[in-house]
Number of protein chains: 2
Amino acid sequence: MYVHTKLVLSLTQIDLLFWIYLSVMKKKITIKDIAKVANVSIGTVDRVIHKRGKVSEKALQKVNAALEELNYKANPLARSLKNNVIYTIAILIPDPEKDPYWLPCRKGIEEVILEYEAFDVDISVHFFDPSKPKSFVQKGMELIAKNPNAFLFVPLFERESDRLLQALSKKDIVKATFNSLPRNHVDQHVGQDLYLSGRVGAKLIYDFVQPASKIAVIHIDEAFNNAIHMQQKEEGFKSFFKEMAPGHHIHTKIVDTQHIQKTLSVFIRENQINMFFVTTSKTYEVARTLESLDMEGTIVGYDLLPENLSYLKKGGIQFLIHQAPGLQASLSLKSLVEKLLFDKESSKKQLLPIEIINSENVESYP
Amino acid sequence: MYVHTKLVLSLTQIDLLFWIYLSVMKKKITIKDIAKVANVSIGTVDRVIHKRGKVSEKALQKVNAALEELNYKANPLARSLKNNVIYTIAILIPDPEKDPYWLPCRKGIEEVILEYEAFDVDISVHFFDPSKPKSFVQKGMELIAKNPNAFLFVPLFERESDRLLQALSKKDIVKATFNSLPRNHVDQHVGQDLYLSGRVGAKLIYDFVQPASKIAVIHIDEAFNNAIHMQQKEEGFKSFFKEMAPGHHIHTKIVDTQHIQKTLSVFIRENQINMFFVTTSKTYEVARTLESLDMEGTIVGYDLLPENLSYLKKGGIQFLIHQAPGLQASLSLKSLVEKLLFDKESSKKQLLPIEIINSENVESYP
DNA sequence: TAAAAAAATGTGTACGTACACACTAAATTA
DNA sequence: TAATTTAGTGTGTACGTACACATTTTTTTA
């Protein structure tokens, strides 16, 4: 009612009829319609929308009224078409050849590239050696030097990431990360709550715990893997047990892939461990060791690597927590593209659900 | 190399230079570029692309060559802009007021509607009473009579769905479903593998099974809920136990919400059941009954209803299987919109992963 | 060989937005 | 009051595609 009254007062009879026509017919409101209703030219409407001044107070009010009454939304297609620039996105991730964990990640990215092939974006993927922080910085700097519109990367190393972020900040390049969250500010992030993921692992193990159970958190390759990652998971894990079974001691062991079998065997036998929370995708190493020792045990670990899946199906691993690297990559890339192309805003920080995988539901994952 | 040779033979010197320029510069190939390289007008290129004939053999070959060499991809934005029709999508889902299971579904749809507000689509949501097949058919027929471009619905009732699908087939309306899969053909479907989901439930329970355990599958409200749904889950559940513990007898019980507490109490006491696989979102009813009987037990059920979550956190329910109705709805609607707007093709049948929820990872779900 | 018919090709316009430029009206100055 | 500045407004064009229509070229027929 209010709406009508206001219009009757501010618009002529004919404009009112046109307004009713627009509201009744299923038709998208264009800048032209606004111009007609406000009885000005589209140029004036355009100046109002973009706040470029040179508009009389009277016209401004009429246009703003029409804009609001008709709930005008600019057509993103026409806007993007007119815009006519090709956005470049540079992506830097660990080399999947060096660590197969990143394979689904590359695959996810390639799918998105194909999906937006026909649009005005130029996406390129680059790799660094996950065991060499230097290669990360070097590649990163190279890419930044080319001034892409956005830079998406996995901040595996804290200090080195800071350097890249600093370089990026000077250049007005959109900063986006996934998998790990760097200390410094980024414009967009997709990841998982690692602390919570540790608690999930704890709960899964806790369900099987007996008074005599011996529990250990195993970190593999802490040296050149993401140390903070593992720490946060461990903290989450321990916090759960502190709440639910305060008396239960949790062992912690850091091992190297080098002599992993030997080191682990000794550790397991010495401490009589029969329940394991493995904080990395190399969970299969623990299962393999247990197998070689001909021992039974409960193992909860991370990620759907082929080796892990094999043990999951055989029963050597009870549960895997899925970090969905592929989904993380494709989601972050997609939001980046849509931000640039249609300036669609999505939440800065997106935390993906922590997915529990057992021998059965694994079949439902692609 | 081959590519070059072919071009040298088929194009003039100047065209070749232009081709090199196009390849080197980061620039999207337009119909105009093709016309220039093939040395014809854009009209001719257009006729070739749309196979509208009236093109000489020579021109056709030149254009096709250029199209392929330059890997032309039509700009979906310009195409959609030119197209200039408003697509209508009618959605029919069970009334969330009648069954709260459908609340996230409505929410998911509303989010997508907002997301595409500025685009040329007109999406409307309508509800039917999940306990009244007639209301489903009636509402459905009404919507179909309005000739939307696409019709997305939850085929809760088999026979009634067939009727709607028949009506749809006559009218060239895109048919899409989610949650349940109807017997007859649809153009698009998003759902879950229910048989597998039954197996997942089985595995979760199996991990806790003792020789003395008594296991039951509980169906609640089979009468007006989706009977096939429940059957498939039960089959999956039993198939797992047949494989892993052939001797173990699985009880089955169908109960009505009416006198559920009483019926269940009797059933549980008579059969000494202590492990439950509940095939519907009313899992909390079993937990409540067990609570009132002051008994302990293992319960695995479905869906993140507030009542279920409360028992999950208290420990009355061990695991919930998440059918993600909201995600199913938004995913199917999104693909529908993108299909109409940009004729982007996505796979006809999309099966979502079966997600296992416990008291911890539930926090990571929105 | 000219005229007519048919085939092939090119041109112009629209979609909705954005922006440069041209123009008109009002305000200021001489 | 005329000349000039300035505020306000309108017009035209481009983005890339699609399609109607106009134009040119080739083929057929008289």
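Atoms considered below: every heavy atom in the structure, side chains included; atoms not considered: hydrogens, waters and symmetry mates. Convention: sequence-line order gives letters A, B, ...; per-chain numbering from 1.
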Need one value for A:Asp46: base, sugar-phosphate or nothing, where a base atom within 4.0 Å counts as base even if backbone is also close, heavy atoms only.
base
Among A:Ile49, A:Asn75, A:Val48, which residue satisfies the side chain to side chain contact (heavy atoms under 4.5 Å, CB included) criterion with A:Ile31?
A:Ile49
Does the side chain of A:Ser169 pick up a donor-acceptor pair with the side chain of A:Lys175 at under 3.5 Å?
yes
How long is the line joining CG of A:Leu341 and P of D:dC15, in whole Å?
18 Å
Just N and O in the side chain of B:Lys32: are any of them under 4.0 Å from OP1 or OP2 of D:dC15?
yes
Among B:Val37, B:Leu67, B:Leu70, which one satisfies side chain to side chain contact (heavy atoms under 4.5 Å, CB included) with B:Ile29?
B:Leu70
Nearest of C:dT9, D:dT17, D:dG10 to any side-chain atom of A:Thr44?
D:dG10
Relative to the 5' end of DNA chain D, which residue comes earlier, B:Arg47 or B:Asn83, by the nucleotide with the nearest heavy atom?
B:Asn83
Please confirm whether the shortest side-chain N or O distance from B:Arg79 to OP1 or OP2 of D:dG16 is below 4.0 Å.
no
Ignoring hydrogens and angles, state whether a donor on the side chain of B:Lys171 or B:Asn147 is under 3.5 Å from an acceptor on the partner side chain.
yes
Minimum-distance nucleotide to A:Ser41 side chain [options: D:dT9, C:dA8, D:dC15]
D:dT9
Expressed in angstrom and rounded to an integer, what is the separation of A:Phe119 atom CZ from D:dG16 atom C1'?
13 Å
Go nucleotide by nucleotide along DNA chain C from the 5' end; which of B:Ala78 and B:Val40 gets its closest nucleotide reached first?
B:Val40
Please report the distance, rounded to the nearest Å, between CD1 in A:Ile42 and C1' in C:dT17.
8 Å
Want to settle it: does B:Asp120 or B:Glu57 sit nearer the 5' end of DNA chain C, counting the closest nucleotide to each?
B:Glu57
For the pair made of CG in B:Leu81 and P in D:dC15, what is the distance, rounded to whole Å?
14 Å
In this structure, how many angstroms lie between the C1' atom of D:dC15 and the CD1 atom of A:Ile86, rounded?
13 Å
Will you find, in the side chains of A:Lys82 and A:Asn84, an N or O donor that is under 3.5 Å from an N or O acceptor?
no
Please report, rounded to the nearest Å, how far the P atom of C:dT17 is from the NZ atom of A:Lys28.
11 Å
Side chain of A:Asn75 only, please: which of C:dG16, C:dT9, D:dG16 is the nearest?
C:dG16
Nearest to side-chain heavy atoms of A:Tyr72, which nucleotide of C:dT17, C:dA18, D:dG16
C:dT17
Compare the minimum distances between each of C:dA8, D:dC15, C:dA14 and the side chain of A:Lys82, then state the nucleotide with the smallest one.
D:dC15
For B:Glu338 and B:Tyr116, which I'm curious about, is there any donor-acceptor pair between the side chains at under 3.5 Å?
yes
For C:dG16 and B:Asn84 - does any side-chain N or O of the residue sit under 4.0 Å from the phosphate oxygens OP1/OP2?
yes
To the nearest Å, give me how far apart NE2 (B:His50) and P (D:dC19) are.
6 Å
Per atom distances to the A:Ile31 side chain, the nearest of D:dG16, C:dA18, C:dT17 is C:dT17
Using whole Å, report how far CG of B:Asp343 lies from C1' of D:dT17.
13 Å
